[in-house]
There are 2 protein chains.
Amino acid sequence: MAVGKLDQIDHKLLEILQSNGKITNAQLSKEIGLSPAPTLERVKKLENTGIIESYHAQIDREKVGLGVMTFVQVTLSGHRKSITESFVKTIEAVPEIIECHHVTGSCDFLLKVIAKDIASYQTLIMETINEIEVVASTQTMVILSTFKNTKVLPIP
Amino acid sequence: MAVGKLDQIDHKLLEILQSNGKITNAQLSKEIGLSPAPTLERVKKLENTGIIESYHAQIDREKVGLGVMTFVQVTLSGHRKSITESFVKTIEAVPEIIECHHVTGSCDFLLKVIAKDIASYQTLIMETINEIEVVASTQTMVILSTFKNTKVLPIP
DNA sequence: TCTTTACACAGAATAAAATTCTGAAATCAT
DNA sequence: ATGATTTCAGAATTTTATTCTGTGTAAAGA
């Protein structure tokens, strides 16, 4: 299913479901101006074609005791495929690393990391990430505050 | 509600709901080993206390025609409160900027930005972000591939 | 132009799920 | 121990999702 096959109603559905994944079908149908049946049909189609990938609950980081979030710029010791693969494989097993992106620019990877506090973050960086053999260096950006964190992508 | 009041069952609920926000209460109750009534009670409590903030549908970026995602390191021309506030206010109105974090380190802000393609990304950077008066410089990291992007936080 | 086909839709019927209610068991503090 | 509080299971009720049927509409072909 290409984007060309998405009409205005589909766009609106995606927008609403991104910001509220638990809206009832009845309410959803009201907001887009269709009856429940075709509304559900459209949503199911978006799910089946993989345009809607999944649904997630978002939890309050601070309230569950995760006070620290950081971005870590990682530079590897080389750029051979085996080195990258080795790094990624290790990363996957670390639950505190919630994002790992291969990027262009002055570093190789950018990680998003969460931890209970600075002390446990330091332990994680020093005893887990910096201990990976292929990691040459890391540079941390601690998040002081977050001004925007929307789950709604602006569909073109 | 502090983290101390969350028992093992709450932890499991949060873990499941983070990875599958649309699970039925019946299924959820099976997975944690309670009957539907107390299961629902617990989930509602987590919602009411704000530990569960919201639910969101995740959509496939590429399938809706958003081929480019980047991180942008932004350095401002100063650090007075008014400068930061001016920047944040402008950022909030740009839908392509889906995250904006105030960070420590060599830059001031880190943005996560999405765009249709490199051309429209360039337009966004040059005509929107770099045009903000208080922005001194930007440095872009284009995401080549994403190896990890979990919505499940490891609750301590 | 007329027909044919294929969709997309609304409304009603059905199935499934959430929610509420009641009372019993377990836990806790006194 | 004892009373109070909390947590739970099972059943009843309400709400919601899902399926079904028929109608209108738009596009494709004769």
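Since the model is a prediction, treat every value here as computed from it, not as a measurement. Here is how names work: the chains are called A, B, and so on, in the same order as the sequence lines, proteins then strands, and each is numbered from 1.
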Student: How many whole angstroms separate atom NZ of Lys22(B) from atom P of dA18(C)?
Tutor: 11 Å
Student: Chain A on DNA chain D: first and last contacting nucleotide, 5' to 3', under 4.0 Å to a heavy atom?
Tutor: dT16(D) to dT19(D)
Student: Which residues, if any, of residues 33-44 of chain A bring a heavy atom under 4.0 Å of DNA chain C?
Tutor: Leu34(A), Ser35(A), Ala37(A), Pro38(A), Arg42(A)
Student: For Ile32(A) and dA8(C), give me the distance from atom CD1 to atom C1', rounded to whole Å.
Tutor: 12 Å
Student: Mind checking salt bridge (Lys or Arg N to Asp or Glu O under 4.0 Å) for Lys22(B) and listing every partner two or more places apart, or none if nothing turns up?
Tutor: none
Student: Determine all donor-acceptor pairs shorter than 3.5 Å in which one atom belongs to a side chain in residues 74-84 of chain A; sequence neighbours excluded.
Tutor:
unit_1	atom_1	unit_2	atom_2	d
Ser77(A)	OG	Val134(A)	O	3.3
His79(A)	NE2	Asp108(A)	OD1	2.8
His79(A)	NE2	Asp108(A)	OD2	3.3

Student: The helix from dT1(C)-dA30(D) to dT30(C)-dA1(D): angle between its terminal axes, five pairs each, to 10°?
Tutor: 40°
Student: Run the side chain to side chain contact (heavy atoms under 4.5 Å, CB included) test against Ser19(B) and tell me which residues pass, sequence neighbours left out.
Tutor: Val152(B)
Student: Please state how far atom CG in Leu28(A) lies from atom C1' in dC9(C), giving the value in whole angstrom units.
Tutor: 16 Å
Student: Applying salt bridge (Lys or Arg N to Asp or Glu O under 4.0 Å) as the test, list every pair that has at least one member in residues 83-96 of chain A; sequence neighbours left out.
Tutor: none
Student: Tell me every residue that passes salt bridge (Lys or Arg N to Asp or Glu O under 4.0 Å) with Glu15(A), counting only those two or more places apart in sequence or in another chain.
Tutor: none
Student: Within the structure provided, determine whether Ile98(B) and Leu153(A) are in side-chain contact (heavy-atom separation under 4.5 Å).
Tutor: yes
Student: Can you sort out the partners of His102(A) under ring-ring contact (aromatic ring centres under 6.0 Å, His included), two or more places apart, ordered by chain and number?
Tutor: Phe109(A)
Student: Enumerate the side-chain hydrogen bond (donor to acceptor under 3.5 Å, both in side chains) contacts for residues 142-156 of chain B, please, sequence neighbours excluded, ordered by first and then second residue.
Tutor: His101(A)-Thr146(B)
Student: Report the residues that fulfil salt bridge (Lys or Arg N to Asp or Glu O under 4.0 Å) with Lys12(B), sequence neighbours left out, ordered by chain and then residue number.
Tutor: none
Student: Looking at every heavy atom in both Lys63(B) and Thr49(A), which two are closest together, and how far apart are they?
Tutor: NZ-O, 3.0 Å
Student: Could you tell me how far apart Lys5(B) (NZ) and dT27(C) (P) are, to the nearest whole angstrom?
Tutor: 17 Å
Student: Show every donor-acceptor pair shorter than 3.5 Å between a side-chain atom in residues 120-133 of chain B and any protein atom, with sequence neighbours excluded, or say none if there are none.
Tutor:
unit_1	atom_1	unit_2	atom_2	d
Ser120(B)	OG	Lys116(B)	N	3.4
Ser120(B)	OG	Asp117(B)	N	3.1
Ser120(B)	OG	Asp117(B)	O	3.1
Ser120(B)	OG	Asp117(B)	OD1	2.9
Tyr121(B)	OH	Thr70(B)	OG1	3.2
Tyr121(B)	OH	Thr140(B)	OG1	2.8
Thr123(B)	OG1	Ala119(B)	O	3.1
Asn130(B)	OD1	Thr138(B)	OG1	3.1

Student: Round to the nearest Å and state the distance from Gln8(A) atom CD to dA8(C) atom P.
Tutor: 16 Å
Student: Rounding to a whole Å, what distance do you find between Asp10(A):CG and dA8(C):C1'?
Tutor: 12 Å
